[in-house]
Amino acid sequence: MTHTLHRMGTYEELKEDFIVLVMSARGFNDKGAAPKLAEALKIINKYNPVNTGDMTQGSMYRAGFRIKPVEKLLEGVHDRSIFHGVFTDIETVKKVIDDLKAADLGMSVVISGLYDEVKKITRPHTVNISLGIWGKTELLPKYEEVLKICTMCGHQFVSRHLVMKLAQDVKRGRITAEEAAEVMAACCSCGIFNPVRAVKLVKQLIQKI
Amino acid sequence: MYLYINPNKCVACTHCVPFCPTGAIHIVSEGGKTFARVDEDRCVECWICYRVARCPKDAIEPTPPEKMSFERRLKFFFASATAVWPETGMAGRGTEEMKTNDVTGRFKFGEVGFSLDMGRPTGVGVRVSDIEKVCKAIAPYVTFEIENPVTKLLIDPKTGEVRDPKLRNVYLLSAVVEAKTSKELAPKVLEIVKEVSKELNTVISVGIVSRVKPDGEPEAFEVLRQVGIEPRPNMKINIGLGKPFIGWE
């Protein structure tokens, strides 16, 4: 899966968009991994991520998860849970990684974000490098803000049509940009959508439509 | 059977329409009634309309995967983040690829991996015929990831040809072609993908995987310099905390 890769944006914008992922490896260290993954989620949560989730259970924006997201996710943790936390600055990511290193859980940890920034806080082992979008790119949305918002959900569950509709609603004063971002975040089942970044992008988008 | 909007319940409020990533829901008028209808071909069975939009009249009626045809089940599993494939026992569209490489050692020094996410982003979607074009073109130069659902279900990993010609026209939300080759052959593969992507009626989000050298430079940067491709600044970075540990050398 490449669901956290290919997030579009300028270098400055991506400085506010990092995802920490923790998972076990099937057939290698997944048996009995649940308590270790639960510990990882507690560490992620300690630093107040702007979104969090388990790929197998859903995100904190899922209906019913909004009030006690971490408690709900901990209730359902299992050996193959894949936890994510989204953070808006590298300094906080460093604190999360330092705690994960100290906990020595033996689970794989992946950071999605700017390579030059991540390299400053820890030593990379293996990378998946985004080379951008190839092929019939004229099929992509007209507004770059829509592309930037939609690529924050790699499974493509945040519809470009929904982004435009919600932006229109914000422009007409029916909802706020924050409410629009929450609806978008609810579409992303893994909890990797960055609603803080989405608010900024929606505000930029409504200046153009 | 496919995801269906019951015209006897639908009041054409249009609430569900924008939630569809591929724009498959349309409002139609027939027999004096106006209601939402799903385009069977464009629908990718992601169920976002059902799970997130939440119809106020409960008019959206998905078909359970076990009652779907094989073609509809392909759509369903290729659009799901979590569903476990009955044929493979794996969840999601791809594999763990480099995310657990510190434990599995799937990618070694001297190797370059490819993750060609076809049909992504923004709900462009992909027909199996376009997946076949890419797989056929690169097949002589790569080893396809055997655990990946494209390899398991759609194509012959030796030739890249589709296993069942009837599947060529099936439209999916996306599919990740996963493969790897040597560092020496990787530039050739990238050039082929670049060339064949011009013939596609879709987009590819292209990613390449490699180990990171002790000096902090990804080994794949040598490949990218050879073909003159500039990487994007953001990557997915495994930081080597998993155990059993595969060493740096």
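Protein chains get the first letters and strands the later ones, always in sequence-line order, with residue 1 at the start of each.
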Looking at [options], which has the largest count of heavy-atom pairs under 4.5 Å with chain A?
| options | answer |
| --- | --- |
| S197(B), S205(B), P21(B) | S205(B) |
| S174(B), P218(B), S80(B), A220(B) | P218(B) |
| I208(B), V52(B), L200(B) | I208(B) |
| T202(B), D117(B), I229(B) | T202(B) |
| M118(B), R120(B), K198(B) | R120(B) |

Are R51(B) and F157(A) in a cation-pi setup, meaning NZ or CZ lies under 6.0 angstrom from the ring centre and within 45 degrees of the ring axis?
->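 Judged by the rule, R51(B) and F157(A) form a cation-pi pair.
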R93(B) NZ/CZ over F78(B) ring centroid, <6.0 Å and within 45° of normal |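 No; the conditions do not both hold, so R93(B) does not lie above the ring face of F78(B).
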When rounded to the nearest 0.5 angstrom, what is the spacing between CE in M184(A) and CD in E179(A)?
->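 With rounding to 0.5 Å, CE (M184(A)) is 12.0 Å from CD (E179(A)).
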Contact winner vs chain B - [options], heavy-atom pairs under 4.5 Å:
| options | value |
| --- | --- |
| A25(A), C153(A), G9(A) | A25(A) |
| A186(A), S189(A), G135(A) | G135(A) |
| P141(A), C150(A), C190(A) | P141(A) |
| T151(A), L166(A), D104(A) | D104(A) |
| I129(A), I111(A), T122(A) | I129(A) |
| K136(A), Q156(A), E117(A) | Q156(A) |

Sort [X] into side chain, backbone, both or neither according to what part of it lies under 4.5 angstrom from a heavy atom of chain A.
| X | result |
| --- | --- |
| V193(B) | both |
| I48(B) | side chain |
| A79(B) | backbone |
| L224(B) | side chain |
| K194(B) | both |
| N201(B) | both |

Would you say [Y] and [X] are linked by a side-chain donor-acceptor pair, where the criterion is simply a distance under 3.5 Å?
| X | Y | result |
| --- | --- | --- |
| T100(B) | S108(A) | no |
| T95(B) | E178(B) | yes |
| E145(B) | N148(B) | no |
| N238(B) | D102(B) | yes |
| E45(B) | Y50(B) | no |

Return yes when atom NZ of K171(A) has more than 12 non-hydrogen atoms of other residues, nucleotides or ligands closer than 6.0 Å, and no otherwise.
->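 Atom NZ in K171(A) is packed in, count exceeds 12.
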Greater than 12 external heavy atoms within 6.0 Å of K119(A)'s NZ |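 Yes - once you tally the heavy atoms of other residues, nucleotides and ligands closer than 6.0 Å, there are more than 12.
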Where on [X] is there a heavy atom nearer than 4.5 Å to chain B: the side chain, the backbone, both, or neither?
| X | value |
| --- | --- |
| Y11(A) | side chain |
| S130(A) | both |
| M8(A) | both |
| V109(A) | both |
| L5(A) | both |
| L21(A) | side chain |

Cationic N near anionic O, under 4.0 Å, K42(A) to D99(A) |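 No, no charged N to carboxylate O under 4.0 Å.
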Does any N or O in the side chain of N29(A) come within less than 3.5 Å of the main-chain N or O of G106(A), such that one atom is a donor and the other an acceptor?
->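 At least one qualifying donor-acceptor pair exists.
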Does any N or O in the side chain of E96(B) come within less than 3.5 Å of the main-chain N or O of R26(A), such that one atom is a donor and the other an acceptor?
->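 Yes.
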Intermediate values then yes/no, side chain to side chain donor-acceptor pair (under 3.5 Å), T122(B) and R160(A) | CA-CA 6 Å; T122(B) 65; R160(A) 53 162 54 168; 3.1 Å; yes
